[in-house]
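Everything below concerns the one structure shown next.
All ligand and atom numbering here is 1-based and tracks the order in the structure. By convention here, the first residue in the shown sequence is residue 1. All heavy atoms count here, side chains included; hydrogens, waters and symmetry mates do not.
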Amino acid sequence: MVELAFSILAADFTHLADEIARAERGGGTIVHVDVMDGHFVPNITFGPPVVSAVRKVTKLPLDCHLMIEEPDKFIPDFAKAGADMISVQWETCPHLNRTLQHIMDHEVLPGVVINPATPVEFLIEVLPMVHHVLVMSVNPGFGGQRFLPRSVERIAHLRRLRHEMGLNFRIEVDGGVADDTVESVVRAGADMLVAGSAIFAGGKAEEKAREFLRIARRATEVSV
Ligand code: DX5
Ligand code: ZN
């Protein structure tokens, strides 16, 4: 079942609870929370206090995408704040096996993220451990960027690996996913679809979420 993980980075922060409710009414079923530290990526967003606030206004699962150096230090705080999923970047984790175990020890679903320049094969050793793999389809740090077309083949490669290894991790895609790109990623095998500006830019999040999902679900009928 393909799901919309709407990224609140593009939402109107002055009305965050209303924005989340709109996207949820439109069929969004996961809240994607982009955590940036100004070191791993050239931008600063929010941390555990905002996750706790969001936890109070929705029952939807919170999918925390950590674009931060030394994520191990902050995993307990995000777990305590109410994260249901925590994704760490392969590029920031020299001890990734231990980091993923640390997330699981806090009873949170672990995910691993790869930047556009990181080969999919680098994940083979940890694929049996993860709940989901997040393929960045932009270079992380900002919303509203253009989708990188090579991401489609990387998603298909991951799906092949999942099949060959007899695993069942979910495939998430993030960055520039919108009405004109969502079909290609769904057909390649993505089932957790992160979208920020496609849902929140210019308002009407409920209608935009509904239309986005209509296109995404139609694409599930045809897979490459
Ligand atoms: C970028 C973030 C994305 C971003 C998505 O580093 O990880 O989640 O907010 O925003 P759009 O959908 O606008 O590309
Ligand atoms: Zn993200």
Q.
Looking only at side-chain N and O atoms, does His32 offer a donor or acceptor that is under 3.5 Å from a partner on Asp34?
A. yes

Q. Which residue pairs pass the salt bridge (Lys or Arg N to Asp or Glu O under 4.0 Å) test with at least one member in residues 106-126, sequence neighbours excluded?
A. none

**Q.** Basic-acidic side-chain contact under 4.0 Å: Arg159, Glu164
**A.** no

Given 3.5 Å as the limit, does a donor-acceptor pair link the side chain of [X] with the main chain of [Y], or not?
X: Lys208; Y: Ala201; value: yes
X: Arg98; Y: Cys93; value: no
X: Arg154; Y: Thr118; value: yes

**Q.** Neighbouring protein residues of ligand 1 - any heavy atom closer than 4.0 Å
**A.** Ser7, Leu9, His32, Asp34, Met36, His65, Met67, Met136, Pro140, Gly141, Phe142, Gly143, Gly144, Asp174, Gly175, Gly176, Val194, Ala195, Gly196, Ser197

Q. Any idea how many protein N, O or S atoms are nearer than 2.8 Å to the Zn ion (ligand 2)?
A. 4

Q) With hydrophobic residues grouped by side-chain heavy-atom distances under 4.5 Å, do Leu134 and Leu9 end up in a single group? A) no

(Q) Run the ring pair (Phe, Tyr, Trp, His ring centres under 6.0 Å) test on Phe212 and Phe6 for me, step by step, so that the C-alpha distance in whole Å, both residues' side-chain angles and the decisive distance to 0.1 Å come before the verdict. (A) CA-CA 11 Å; Phe212 178 92; Phe6 50 90; over 10 Å; no

**Q.** With Glu207 via salt bridge (Lys or Arg N to Asp or Glu O under 4.0 Å) - residues at least two apart
**A.**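 Once residues adjacent in sequence are excluded, Glu207 has no partner under the salt bridge (Lys or Arg N to Asp or Glu O under 4.0 Å) criterion.
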
